[in-house]
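For the numbers below, each heavy atom of this structure counts, side chains included, while hydrogens, waters and symmetry mates do not.
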Amino acid sequence: MLIAMIAPASFVASVQAQEAETGTTASGQTDETQSVRRRLVDATSQEEEWTPSFDITPEEERRELMQRGEQALAQGRLEGEAGAVAIYARASRLPGGAAEAEAGLSRAVAALVRQAETALASGQFDQGARLAGLARQHRPNDPAVAALTAAVGAGREQAQRLAEAARQVEAGNLISPQGTSALDLYRVVLAGDPANAAARAGLSTIEQALIAQADVAAERDDFVEADRLLSEAATLGTGTNLAQNASVLLIEKRQRRADSLRDSILAAIDGGDFDRADALFASLEPVAVDGAVLDDLRRRIDNARNYASFSPGDRLVDPIASGGRGPELVVIPLGSFEMGSPSREKNRVANEGPRFTVNIGRGFAMARAETTVGQFQQFVNATGYVARAQQVGKATVYDEASGTLTEKSGVNWRHDHLGEPASPELPVINVSWQDARAYTEWLSRETGQRYRLPSEAEFEYALRAGAETAYPWGDGNPTEVVGNFTGDGDRSRTRRNWSNAFSRYTDGHWGPAPVGSFPANPFGLHDMEGNVSEWVEDCWHDSYQRAPTDGSAWVNPGCELRVLRGASWASAPDQVRSAFRLSAPATAVNPRLGFRVVREL
């Protein structure tokens with residue numbers, strides 16, 4: 001029904017004439033007049049309820065409809081009775097002038113098609129289908145409408161995918177399970193419609209959700225998972241830098257967390273709380289960006305726990321409180337070895353077995369070389385200590401004339417193997433086990449560290465330095481100069497030679513050599529396989545039955561015999577073997593016997 005914009009002037013005049021004829025006024029109206037006036041007001045204020053007067057011509061009505069249609073079209077109102085489509089359609093049905101109305105209707109339908117396409121592209125399929133139906137009702141043969149109708153048909157399945165993708169997003173199935181995840185569904189939609197706004201908006205939603213999940217993972221230190229999530233987000237192709245920016249922030253957060261854990265680990269190490277350091281290290285492993293940092297911290301924890309923050313192979317020297325410096329020490333790596341000799345080894349003796357596994361589980365540092373005359377002199381000067389040979393007034397020397405060892409008065413630790421004054425660089429000899437122990441106790445007092453003689457197991461472990469052969473260098477004669485022991489090329493001052501020696505070998509010394517004259521072994525120790533035999537802490541036992549397996553000394557209270565390990569300058573080949581061992585009273589002194597110290601860590 002057409003609605004007039006204003007009441008016709010003839011109708012208003014007739015109402016006024018009726019009022020004059022009946023004598024009514026604004027304050028005293030008849031019921032009929034009031035009804036007429038009410039209809040006039042309604043007609044002028046509520047257009048859609050007004051029925052046009054019989055005296056409005058079709059041309060006037062069409063002109064009025066065209067105006068209203070243009071207004072509705074300009075405002076984007078296309079649907080409903082007040083929409084441009086319906087208004088133009090009514091105008092086109094009026095007689096005469098239909099071409100103008102049809103043109104307006106075509107413009108309205110074209111706008112309708114555009115709205116429908118926008119709705120479909122944004123995923124509002126129901127709205128798009130409704131608009132397409134309205135367009136088809138008025139312009140079924142329009143190519144754009146036909147294309148829209150086809151798009152609606154093709155988009156129904158896409159709409160179902162979009163709806164399912166939205167449900168998967170709500171359920172949290174963003175990128176899994178494969179094939180039915182929201183991501184997979186959106187990608188199927190985009191494969192058929194690369195510009196689909198709803199699918200692209202869905203990818204953006206997934207991207208933001210993955211970034212949020214990565215942030216949560218990072219908060220619980222699961223940076224591996226956070227990296228994975230951000231990597232997934234980066235592959236979505238949303239055209240934003242959100243994932244890239246989040247990755248940069250994640251790296252910064254990860255580094256800050258790693259630095260914090262590293263500082264805490266170092267603090268725990270410094271405080272001696274190695275269990276806490278281990279726990280913190282376990283937290284750092286999935287966080288650390290640089291593997292070298294992990295390796296360094298693992299080494300620091302192990303070294304602190306086992307080596308008092310030193311590393312295997314490190315050299316250290318402790319200051320002496322009364323002046324000077326202690327012996328140079330080398331940190332020995334922890335490990336295990338087979339102690340003793342196998343039953344098949346040539347020249348093996350029964351006291352070298354049964355062979356058994358020793359696990360060196362306590363860190364220690366061993367003197368790089370044997371204790372020298374100069375170092376023992378430092379001890380005597382500081383304490384006034386009187387060594388065993390001085391107490392008895394004699395010691396054993398090598399007699400060049402007879403080629404044997406013989407006692408000589410007035411000889412002690414200050415002398416060499418011939419009984420002549422010894423240079424400070426020579427290993428101290430003619431010292432008893434008791435003298436050696438007294439020296440270690442003095443070092444402990446002067447340095448505040450725990451010095452002692454090595455255990456027998458520690459000595460053999462350090463002597464072998466990883467070798468399992470009869471000799472530290474192998475199973476046969478040495479092929480190069482490795483230490484000071486008997487060789488068929490050695491000669492004394494009087495041109496004596498050894499009757500039992502390594503063939504085709506000479507080390508250039510008949511008697512002890514200055515310490516460190518020969519190459520160090522793999523642990524960085526000198527003269528382990530020769531020069532002088534050495535006192536160790538252990539009491540003598542005829543076999544290794546029930547020997548400690550942790551590398552500690554095997555000591556029985558009150559034992560009189562102690563163990564000697566390592567070859568001397570006068571040792572025959574069978575005595576140079578790594579497993580060879582001897583016993584001697586704790587009071588014994590000898591020109592072939594000295595000692596070296598170890599320090600606990």
Taking only Lys NZ, Arg NE, NH1 and NH2, and the carboxylate oxygens of Asp or Glu, determine whether E81 and R90 approach each other closer than 4.0 Å.
yes
Test item: side-chain donor near acceptor, Y88 and E70, under 3.5 Å
yes
Verify side-chain contact (heavy atoms from CB on, under 4.5 Å) between L162 and V189, making sure each step is shown before the conclusion.
CA-CA 7 Å; L162 290 171; V189 171; 4.0 Å; yes
Tell me which one of R464, R599, R452 satisfies salt bridge (Lys or Arg N to Asp or Glu O under 4.0 Å) with E458.
R452
Side chain to side chain, V152 and F125, heavy atoms closer than 4.5 Å:
yes
Evaluate the side-chain proximity of I265 to D263: yes if any heavy-atom separation is below 4.5 Å, no if none is.
no
Salt bridge or not between R167 and E164? Use side-chain N to carboxylate O under 4.0 Å.
yes
Test item: side-chain donor near acceptor, D314 and Y307, under 3.5 Å:
no
Run E219 and R257 through salt bridge (Lys or Arg N to Asp or Glu O under 4.0 Å) and show every step you take.
CA-CA 10 Å; E219 288 300 321; R257 179 59 174 153; over 6 Å; no
State plainly whether the residues E338 and R355 are in salt-bridge range, i.e. N to O under 4.0 Å.
no
Which is it for L203 and L190 under the side-chain contact (heavy atoms from CB on, under 4.5 Å) test, yes or no, and what are the steps along the way?
CA-CA 10 Å; L203 291 183; L190 289 170; 3.4 Å; yes
Taking C-beta and beyond as the side chain, do H526 and R596 meet within less than 4.5 Å on heavy atoms?
no
Hey, are E59 and R62 close enough for a salt bridge, meaning a charged N less than 4.0 Å from a carboxylate O?
no
With a 4.5 Å limit on heavy-atom distance, are the side chains of L210 and L174 in contact?
yes
Applying salt bridge (Lys or Arg N to Asp or Glu O under 4.0 Å) to E157 and R161, what does each step give before you reach the verdict?
CA-CA 6 Å; E157 185 177 355; R161 289 194 182 99; 2.6 Å; yes
Should Y186 and L236 count as side-chain neighbours, where that means a heavy-atom distance under 4.5 Å?
no
Worked verdict on Q67 versus Q71 for side chain to side chain donor-acceptor pair (under 3.5 Å):
CA-CA 6 Å; Q67 292 175 352; Q71 184 180 15; over 6 Å; no
May I ask you to check whether S311 and N303 show a side-chain donor-acceptor distance below 3.5 Å?
yes
Using modelled atom types and a 3.5 Å cut-off, is there a donor and acceptor pairing between side-chain atoms of S181 and backbone atoms of Q178?
no
The residue among W554, F337, Y544 that forms ring-ring contact (aromatic ring centres under 6.0 Å, His included) with F356 is Y544
Pick out which of R305, R299, R298 makes a side chain to side chain donor-acceptor pair (under 3.5 Å) with D302.
R298
Are R200 and E207 ion-paired here, with the side-chain N under 4.0 Å from a carboxylate O?
no
